[in-house]
Amino acid sequence: MGLEMDGDISGEGRLFLQDAAFTNQEDASASVAANLELYHDFDDSLSLTLAAFYRLDASDSERSHGDLREAKLLYLTDNWQLTVGLDRVFWGATEFVHLVDIINQTDQVEALDGEEKLGQPMVHLVIPKEWGTVEGFVMPWFRERTFPGEKGRFRSPLPVDTDHTLYESSSEEHHLDLALRYSTSLANSDIGLYYFNGTARDPVLLFSLDHAGAPILFPYYEQIGQSGLDLQLVAGEWLFKGEALYRIGQSRSFAATTFGFEYTLPGLGNSMMDLGMIGEYVYDDRDNGWLPTIYDNDLMAGLRLSVNDIDDSTILVGAIRDLEYSSTIIAIEASRRLGDNIRLNLDASFFLNISDQDPAYSLARDDFFRLEIIWYF
Amino acid sequence: MRSFLTTLFLGASLLSVPYAFSETAEEKGLAIAMEADRRGDGFIDYTADMEMILKNRHGNESKRSIRIKTLEVPGDGDKSLSIFDTPKDVKGTAFLTFSHKVGDDDQWLYLPALKRVKRINSRNKSGSFMGSEFAYEDIASQEVEKYNYKHLREEQYQGQNCFVGESYPVDQQNSGYTKRLTWTDKKEYRVLKVEYYDRKQSLLKTLTTEDYQQYLGKYWRPGMMHMVNHQTGKSTTLLWKNYQFRTGLSDNDFNSTSLKRAR
């Protein structure tokens, strides 16, 4: 195939509907971003992929950033494959909360849903067998989470200062992280089991004073061991999905699980439109005083409308309700293509009745609309 | 004498019952489907490029290019992998399907932006394949066991002697059709035309095929498939190119590992 090049350039505008909760936060933001991907196969067994990303944000300097999402050599044989370099790997099954996904660090400044990830340096061996697939990961270099700067929205009352990052391991970001995963596809289900040992991707945020005596919030990355399970199961018209984990090393050991269903109504009202209904629940038993999460005991519901038209139009409406504090987050995502090479995304999120006891409280005034236009080349 | 003649006559008619004379229309329909299936057996694997042209009733066009890899599975339905090259916003999106003679197919979707493999529900056979006029059940591996058959007549279609027969989906509840009317040429058992009737028994779509070519001296594949939806005025054309047979694909080219590296 030789050399292939793909990419996109996008423009994004965000409008916040309420006055900011914290000083210096923006009321609107504009940014441009680009992705460039190069792919070359040397022969049937060896290929090189480079995927670079950069965003320039008009107001939040922490959101202006770049990343090598992928920079990897893939070597393929009939019996195994080996990836060396930066890559992205997703583990998980559910739609709302991605509990067990752990290989890559979250590019938090990119999107509130945490689905954008930083490239992770790794040596990744995959051995597919009749009875399932075994994967081993050796990760020699840790990537720090990105956080919005002082002007950014979706941040803690104090912006996180990544110049003062601390690690539990004396090797700091050079700790050798390891993971082993087994996954298999049965007639009606897909199951994955893994063990991860290394640097936690989610840091504890600690309070301190800098040299000038000003208060700062800094990330502290601990060493953890985590076992995880993900499951997808088909039963007639129903899809059942579940994830579970057990983690040691961050305050007390804890378990967490999320599970739910997806049911699709085809040919809505005799049209080509499909309506998917999603219901999920998450429970997380972590020490919320040490490592807070928004998703500790929450119920989620979603509707996904696929219009099945030429422009691949979709509308997704989702609601997340905290069962303890009754806080509710509503998210709407609408998307369609314009012509052959342009996609238009319109998102909105609303934070309703957010309790001051809820870790989501710092987002309480961050209701927003977001319009994104992506041009693919 | 009389009794001898009667015996002979009865004997002859008894003998003939299971054979040519009184083969029922259902048996003949099934026999034609099985013969067409038998002639397609043994291809082992093939790859092909497909261009999908969607047209709405105002004549606006949109194109998708898709690469297909298919592996024959002896005793069961085929395994297939479809990879999207365009539109560019879905480039790298891939479908993996294990079709089965009986029961629902297994299907997975790979989303390259999220690096995520999702199991998909294949029970909904009537859903549109990527916004086209082809439903999943139209592009799925056409296993004999998925339909019941009835031969109707023989007639000329585009200068060729054809069997015309009806087929009824076994999974009536989840199919979009009550029946299909199929024109199959008598010489090579190629499907030349299909009419699809919806749940209200009215004509929904017509598929016509053209530019058949023979590969390995045995396997016929159409160069063009044209589906018209009579109720919406929309149409989809599939142009098939670069058919290659027996390329050496194996089971390892049709699992979640290969799905994630599909390109």
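All values below were derived from every heavy atom in this structure, side-chain atoms included, with hydrogens, water molecules and symmetry-related copies excluded. For clarity, every value in this text was computed on a predicted model and none was experimentally measured.
For R119(B) (side chain) and S189(A) (main-chain N/O), a donor-acceptor pair under 3.5 Å exists by modelled atom type. Looking only at distances, a side-chain donor or acceptor of N252(B) sits under 3.5 Å from a matching main-chain atom of D78(A).
Using a 4.5 Å cut-off between heavy atoms, A135(B) makes no contact with chain A at all. In this structure, the portion of K200(B) lying under 4.5 Å from any heavy atom of chain A is its side chain and not its backbone. Looking at E133(B), the atoms closer than 4.5 Å to chain A (heavy atoms on both sides) all sit in the side chain, from C-beta outward. There is no contact between W91(A) and chain B, counting heavy-atom distances below 4.5 Å. Looking at K118(B), the atoms closer than 4.5 Å to chain A (heavy atoms on both sides) sit in the backbone and in the side chain alike.
One finds the CZ atom of R116(B) at 14.5 Å from the CZ atom of R88(A) (value rounded to the nearest 0.5 Å). Residue K129(A) holds its NZ atom at 12.0 Å from OG1 of T257(B), rounded to the nearest 0.5 Å. Expressed to the nearest 0.5 Å, how far CG of D251(B) lies from CD of E130(A) amounts to 6.5 Å. A distance of 5.5 Å separates CZ of R263(B) from OG1 of T49(A), quoted to the nearest 0.5 Å. From E61(B), atom CD reaches atom CD1 of I310(A) across 8.5 Å, with rounding to the nearest 0.5 Å. One distance of note links OG of S128(B) with CG of D274(A); it measures 8.0 Å at 0.5 Å rounding.
Counting heavy-atom neighbours within 6.0 Å of K179(B) NZ, excluding the residue itself, gives a total above 12. Within a 6.0 Å sphere centred on CE of M224(B), other residues, nucleotides and ligands contribute more than 12 heavy atoms. Heavy atoms of other residues, nucleotides or ligands lying less than 6.0 angstrom from CD of E145(B) number more than 12. Within a 6.0 Å sphere centred on CD of Q231(B), other residues, nucleotides and ligands contribute more than 12 heavy atoms.
A 4.5 Å side-chain heavy-atom check between K91(B) and E37(A) finds every atom pair outside the cut-off. Between F90(A) and L111(B) there is no side-chain heavy-atom pair separated by less than 4.5 Å. With a 4.5 Å cut-off on side-chain heavy atoms, D340(A) and S62(B) count as touching. Side chains of V90(B) and D312(A) form a contact here, defined as non-hydrogen atoms less than 4.5 Å apart. Side-chain atoms of N174(B) and E237(A), non-hydrogen and from C-beta on, do get closer than 4.5 Å to each other. Under the 4.5 Å side-chain criterion, counting only non-hydrogen atoms from C-beta, R69(A) is not in contact with K115(B). A heavy-atom distance below 4.5 Å is found between the side chains of L76(A) and R261(B). S185(A) is not listed as a side-chain neighbour of F98(B), based on a closest heavy-atom distance of 4.5 Å or more.
Residues of residues 68-89 of chain B placed with any heavy atom under 4.5 Å of a heavy atom in chain A are listed by number as P87(B), K88(B), D89(B). Heavy-atom neighbours of chain B within the stretch residues 99-106 of chain A, taken at a separation under 4.5 angstrom, are nonexistent.
Among D198(B), L114(B), N255(B), I120(B), the residue making the largest number of heavy-atom pairs under 4.5 Å with chain A is L114(B). Of the listed residues (M272(A), Q232(A), R337(A)), the greatest number of heavy-atom pairs within a distance under 4.5 Å of chain B belongs to R337(A). Of all the listed residues (P128(A), G339(A), G236(A), P266(A)), the one sharing the greatest number of non-hydrogen pairs under 4.5 Å with chain B is G236(A). The candidate from K55(B), K260(B), R64(B), M130(B) with the greatest count of non-hydrogen atom pairs under 4.5 Å with chain A is R64(B). Listed options I374(A), N35(A), L265(A), T94(A) were ranked by heavy-atom pairs under 4.5 angstrom with chain B; first place goes to T94(A).
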